[in-house]
Amino acid sequence: MNIIGKKIIKPLGAVSLQRKLFMFIVVALSLIIIISGAFIYKLVNNTCMKSENTHIAVIAESLAPRVSVWYFINKQADNSQMNEFLKEMLVSYKLEYIAFRDKDGVLISESNTSEYVAGDSYNVKYKKDIYSPQSENLKNSMGTIEIVKSNYMLRELSYKYTTTGILLAALLALYFYLEMRLLKGLLMPLSRIATEIKGYMPGDKLIFKSFASNKDDVIFEIVNGFLHMQKNIDDAMREKAIEEENNKAKDSFLLKQSRFIEMGTMISNISHQWKQPLNIVELCITDLTLKGMTGEVDSKYQEKLFNEIHNQVVFMSKTIDVFKNFLSEEHNEKNVEVFSIKKAILESLQLLDSIFDNKNIAIEVNTDEASFAYGSISEIEQAILVILHNAVDAISGTNKINGKIIIDCTVEEENNVIKIYDNGGGFDPVNLDKIFDAYFTTKHQAQGTGLGLFITKTIVEIKFSGTIEAYNYKDGALFVIKIPLAKQEEKSI
């Protein structure tokens, strides 16, 4: 059973459904032909035997009177004469064997041809009692004749059927032998190829050690095709890796370029924001000096002035820290944490407070205390700052005296949704699909590079795996940012 399983059943398992169907048809047709042939042979054999039995009975009926008369007349003759007579009957009736026995069953005489074989299955035998010819009323038994006639037609038919059956069986055996050879020589190597490439990942090395490198072999062509495919995949993966590195370097360059552009604006903002605290510090020092010269300084008033100076210095220091963290790339990479969206919005607004005051732009902020994200807070601040700068420019461009910016932050399902709306007139519908493209800008070359919104989209989509969309809404523009809500496991880090 193990040999059958290895030699036949296992190779058949690798055969395609179409080939199995073809093999089934071949086997089914062969069985139909064999069974039909056997049935026809049996039918013909029975018919022939029945016909021969009838024929030999007629011969016996014809031969019996002649033997009866001859034996009655020549009863005293010797056996040689009887043999000659039977031989003449053998030739006359085309028999293979004839014998005469007396009424006691003793063999009197017999004769047969040289081709006669006793016990041959194709011999048709018949026995006939011989009676005395003296009177029809007196049935005196003289003995029995036994005649045998060979069925040559049935023998020839049987030979042809046997030869055809052997030939068909040989052809069927040859077909299965060649099929098994084909399975072993083609399908089994294909199965080994499939086993070798199973679990292949780009970058893996295909070896195919078990296959001969015969260039005229079909299997070699298949293996060679897989090796070429592997080389093409490796080349494509290598080119993709290089392209990704180039894109990463390009994005990093654009991000730094955008930071430098923002830095110039924020330095101007800081100078504006420091003017009032510095004026307050200067007034406190002047007041303290004058009070000291006149001797009117008491400890409580002095403490009050020192506290005011301290508060202004803390405010200025915090402004510098926010600015420093925003520009520090090392800080961004190390400080990946769970942060409050509210904190990111308020710190972004703090950097632009002086601009909002100078442009007389009202700010409205609505935040959800449950809104937290995971990442670098300075990166989302940069994205918000770009949108706020664009909003300020849009409002200034319309010369509105009642400019307004509304920032809403809510939690929707698994996302933080930040909506920033301004009443600066919105976008030209023609340009709405292009505002996030690199180097696209509607401003003068001296006012913008077209990188701000591109960098914002890059930060939101790549750094935070979120989305950003822009719409014309009422009398202005609406930006909708969606970034994933911080997960519980991230909060526990």
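Quantities reported herein were computed from a predicted structural model and do not represent experimental measurements. Counting begins at 1 with the first residue of the sequence.
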Exercise. Quick one: are Ile345 and Ile384 in side-chain contact, heavy atoms under 4.5 Å?
Worked result: yes
Exercise. Partners of Lys342 by side chain to side chain contact (heavy atoms under 4.5 Å, CB included), sequence neighbours excluded?
Worked result: Ser340, Leu346, Thr367, Glu369
Exercise. Should the pair Lys400-Asp475 be classified as a salt bridge under the 4.0 Å nitrogen-to-oxygen rule?
Worked result: yes
For this session: Provide the closest heavy-atom pair for Val460 versus Thr467 in the form atom of the first, atom of the second, distance.
Result: CG1-O, 3.4 Å
For this session: Could you pull out the closest heavy-atom pair between Leu485 and Glu413, with the gap in Å?
Result: CD2-O, 4.4 Å
For this session: Considering non-hydrogen atoms only, spot the tightest contact between Pro484 and Asn416 and give its length.
Result: O-ND2, 3.3 Å
For residues 402-410, tabulate all N or O donor-acceptor pairs below 3.5 Å that involve a side-chain atom, not counting sequence neighbours.
unit_1: Lys404; atom_1: NZ; unit_2: Glu364; atom_2: OE1; d: 3.4
unit_1: Asp408; atom_1: OD1; unit_2: Asn366; atom_2: ND2; d: 2.7

Exercise. Do side-chain atoms of Asp368 reach the backbone of Ala370 as a donor and acceptor pair under 3.5 angstrom?
Worked result: yes
Would you mind writing out the side-chain donor-acceptor pairs for residues 162-174 within the sub-3.5 Å range, not counting sequence neighbours?
unit_1: Thr162; atom_1: OG1; unit_2: Ser158; atom_2: O; d: 2.8
unit_1: Thr163; atom_1: OG1; unit_2: Tyr159; atom_2: O; d: 2.8
unit_1: Thr164; atom_1: OG1; unit_2: Lys160; atom_2: O; d: 2.8

Seminar exercise, completed: Sorted by chain and residue number, the salt bridge (Lys or Arg N to Asp or Glu O under 4.0 Å) partners of Glu469 (sequence neighbours excluded) come out as none
Exercise. Atom CD of Glu461 and atom OG1 of Thr456: how far apart are they, to the nearest 0.5 Å?
Worked result: 11.0 Å
Problem set entry | Criterion salt bridge (Lys or Arg N to Asp or Glu O under 4.0 Å) on Asp437 and Lys434, from CA distance to verdict | CA-CA 5 Å; Asp437 294 347; Lys434 299 182 287 186; over 6 Å; no
For this session: Could you check if a side-chain atom of Ile395 sits within less than 4.5 angstrom of a side-chain atom of Asn423, using non-hydrogen atoms only?
Result: yes
For this session: Nearest 0.5 Å please: distance from the NZ atom of Lys482 over to the CD atom of Glu412.
Result: 6.0 Å
Exercise. Excluding sequence neighbours, so at least two apart, what forms ring-ring contact (aromatic ring centres under 6.0 Å, His included) with Tyr473?
Worked result: Tyr421
Exercise. Out of Ile387, Ile341, Val417, which residue meets the side-chain contact (heavy atoms from CB on, under 4.5 Å) rule with Ile481?
Worked result: Ile387
Seminar exercise, completed: Residue set satisfying ring-ring contact (aromatic ring centres under 6.0 Å, His included) with Phe427, at least two apart, ordered chain then number -> Phe479
